[in-house]
Structures are given as C-alpha cells and as structure tokens.
Amino acid sequence: MRALCWHGKADIRCDTVPDPRIEEPRDAIIKVTSCAICGSDLHLYDGFMPGMEQGDILGHEAMGEVVEVGREVTNLKVGERVVIPFTIFCGECEQCRRGNFSVCERSNRNKDLADKVFGHTTAGLFGYTHLTGGYAGGQAEYLRVPFADRTHIKVPGGLGDEQLLFLSDIFPTGWQAAVQCDLQPTDTVAIWGCGPVGQMAIRSTVLLGAKRVIAIDTVPERLAMAQAGGAVTIDFMQESVVERLNDLTQGKGPEKCIDAVGMEAHATATLDSIYDRAKQALMLETDRAHVLREMIHVCRPAGVLSVPGVYGGLLDKFPFGVLMNKGLTVRTGQTHVNRWTDDLLRRIEEGQIDPSFVITHKVRLEDGPAMYKTFRDKEDGCIKVVLKP
Ligand code: NAD
Ligand code: ZN
Ligand code: ZN
C-alpha cells in the first residue's frame, strides 16, 4: 500500500510499504477513506520530537471502513464506518475505567521505555514517537487498529467524511481544552494559537458559554477564521499581547488561558524568544516556553491555564514562582478522545457545529509530502489539510 513515511527532519515520502495485517485477536484493519495532517505531526516533521525512526508511518487522524477484524472483536463488522481516535486504549485498565484514555496503562507496547522517560507509561498513539508505542499511523491506504473493540467511534452514513473526521483528534482536543477551563458565564478566555486546535477551542468555548473569547495569532486568515467563530483577535507580531489582554479586561487579565501553540512558539525578537531558539538549537532545552510564560504573567490570579499544546520535554526559565503565588491551576494532557465523542457526534448531528469549517485543502495522499511544507509554512492560506488515500 501507499503511506506517508518519516525519513528525518523535513523528509517525508509517500512510500510503498507492506499492507498491515491482523497481529492480535483484538485488532481490526480499516481502509482509510480520509485522513488529516495535525500540528502534532509538524513537531515530528521539524525534528523536535525524540523517538522517531526511519520509515515510521505517520498520521493519527483517520477514518474509514472496517475490512477485517480479529477473532475477539465482536462489536465491529466488515463494512462498518468508523473514525479512529488518536489515543489507543484498552477500555479495561484502571485509567480507562476512569475515562483517562490517553494514559491507558496497557496500550503502549513500549511501556518500559515510557516508564523510564515519563515515570509511568502513557497510552499508545498512532503515527507518533516510539515513546508512545511507535504504532503505524493512518496517513496510508490501510490502518491496523490495536484494541479495536474499544479504539473506534462508529459513525452514521448520513454525514460526509469531512464533518466526522475531526472526532479523531482536533475537535475533542479543542473541547477538552475548553472543558478543562471550568468555564463560568462571566469568564473571559484567551486562546493562544489559531491553528486547527485553536479554532476548535474557540468554537467549543463559545458553545460552552464563556462571556468573551480572545484569540491570538499572527496569520491573517487564521485570525479571520477566529473572528468568524466569535473571537476578538490580537496579532502578536503587531501589538503587545499582555498589554492588549489587560486593556480588554480592565487591567485584571483573562480568567482562563488556553495554549493551543505548543513547543514551537514564535515570538517577536524578545530576549526570551532568542534565548529559547538558541537553547533549543543547541539541544539544551526541547521546548520554547514563550506562550506559557506569557499566560502565567497575564492570567488573572486564581485562574486556569489549559494546555492542549504539545511539549516534548524540558522547559527553561519557567516562572513557577509566579504560577504558585498567583494560585493558578494548570490542566493539560493528550486528549481522552472517546470521553467526549458521543456528546460531540450528537452535536454534529444536531447541527450545533460542523467541524469541516477548518478545512482549506483536500488532496491525494501522494501530495502529502508537499502539503506538510505548505501547512507548516502557512502558505496558500493553508489551515487544515485532508488527504484522500
Ligand atoms: P498549528 O501549528 O497549525 O497551529 C499553531 C498556531 O500557533 C499557528 O497558527 C501559529 O501561527 C500560532 N503561534 C505560534 N506562536 C504563537 C504565539 N507566540 N502566540 C500565539 N500564536 C502563536 O497546529 P495545531 O494543529 O493547531 O496544533 C496546535 C498544538 O496542539 C500543537 O502543539 C499540537 O501538537 C497540539 N495538539 C495537541 C493535542 C492533544 O491531545 N493535547 C492534539 C492535537 C494537537
Ligand atoms: Zn493531532
Ligand atoms: Zn487502558
């Protein structure tokens, strides 16, 4: 089959690789009808995520049709239409029983490595680092789904792929980011990053009834989409984010802050951004903490920082004392996708939201390598890419 494979920094190729097959009794194979490129894939593309290997098949946002099931998968039938959550989960361990699917204790086949690095294992993820199991991803014609009796979202026939695909990741990710803010009707929520995750966080925050949403980015079409979603916008290259947020909140700061940027934050040439770029380049730190510092500084005391943005490891010059003295709460994590998807599928079916609003590019799988660059460089108005294998 054809699949997008990682060959090193900025080197992704559409290779011909062996078709996946059933390896365990709880596996299923799906024929991928649509898949997407995520901001998390860019951390792999840019070489910032440790634990990648030559030839790894990328992709963790995929949907399609079941073509084969293992003997213990009794609740999926050949021909059924499913969206595959990016977090692989067993459904039975203590964490899964609590709904903490992204820290499933059983689905990471490199558990020993994860135990060493993280202290405790996290769930297996598709198309990601070997720290999370190194499972082949869904930017491919076929995908093997481990623990498939639990790791799926059944979807109805009436809706198009584009409306359903983002149940795999970015819609529940934006939703979880908003839910983790414990929103009150009086809250002002500031959201850094108007990429696909930021866009879903904006719409979720509005749906969940916050008083006001302020979105921060610098890419004009992303700011325009944020505005269309109901946000007031700030261009971080044109104005001081902290000053503007304080102006908009009578000097008090937003009650809730969401980091939908992650470890590759850009900034005007401030001292801290130059410092971060230098240290990251020399591998003295893994992540650029600019957005986190800004959030800690501007958030109203006793507020919440919700961090869906992905970080890989070590941060430097992290003002923990400020965080502590202001009494801020930090909530973060890879998304517990299936915790939210029944509710979100219902909201899509009821027409409360159509997540396909974020798509700007629909291309063949073969065009994937070029689209990684277009997406990363935000060329051609690119916000979200859907690939059709
Ligand atoms: P993206 O790269 O398209 O979006 C990031 C946006 O942040 C860009 O529009 C960029 O212009 C903007 N940005 C950069 N520096 C900024 C700054 N200083 N202030 C404000 N905005 C800034 O990616 P995406 O797909 O939207 O993903 C965003 C983050 O969410 C990534 O880190 C990704 O890995 C993460 N993510 C996490 C989960 C999860 O489960 N927690 C799931 C999906 C994605
Ligand atoms: Zn993702
Ligand atoms: Zn589990």
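Just so you know, ligand 1 is whichever comes first in the structure, and atom 1 is the first atom listed for that ligand.
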Undergrad: Salt bridge (Lys or Arg N to Asp or Glu O under 4.0 Å) between Arg150 and Glu92: does it pass, once the steps are laid out?
TA: CA-CA 9 Å; Arg150 300 306 304 265; Glu92 289 155 356; over 6 Å; no

Undergrad: Report whether any nitrogen, oxygen or sulfur of Asp41 sits less than 2.8 Å from the Zn ion (ligand 2) (N, O or S, backbone or side chain).
TA: no

Undergrad: Strictly by modelled atom types, are Lys256 and Thr188 linked by a side-chain donor-acceptor pair under 3.5 Å?
TA: no

Undergrad: Between the Zn ion (ligand 2) and Asp169, which N, O or S atom of the residue is the nearest one?
TA: OD2

Undergrad: Counting only heavy atoms and a distance below 4.0 Å, can you name the residues contacting ligand 1?
TA: Cys38, Gly39, Ser40, Leu42, His43, Phe86, Asp169, Thr173, Trp192, Gly193, Gly195, Pro196, Val197, Ile216, Asp217, Val219, Arg222, Phe236, Ala260, Val261, Gly262, Ala265, His266, His290, Val291, Pro308, Gly309, Val310, Gly333, Gln334, Thr335, Phe375, Lys378

Undergrad: Can you tell me if Arg81 and His152 form a side-chain donor-acceptor pair at under 3.5 Å?
TA: no

Undergrad: Under the criterion side-chain hydrogen bond (donor to acceptor under 3.5 Å, both in side chains), which of Gln199, Glu61, His361 is the partner of Lys384?
TA: Glu61

Undergrad: Between the side chains of Glu162 and Lys388, is the shortest nitrogen-to-carboxylate-oxygen separation below 4.0 Å, so that they form an ion pair?
TA: yes

Undergrad: Does the pair Lys279/Asp316 count as a salt bridge with the N-to-O cut at 4.0 Å?
TA: yes

Undergrad: To 10 degrees, how wide is the angle SG (Cys90) to the Zn ion (ligand 3) to SG (Cys96)?
TA: 120°

Undergrad: To 10 degrees, how wide is the angle SG (Cys38) to the Zn ion (ligand 2) to NE2 (His60)?
TA: 110°

Undergrad: When you check the side-chain N and O atoms of Thr33 and Asp161, is any donor under 3.5 Å from an acceptor?
TA: yes

Undergrad: Is it true that Gln139 and Tyr372 share a donor-acceptor pair across their side chains at a distance under 3.5 Å?
TA: yes

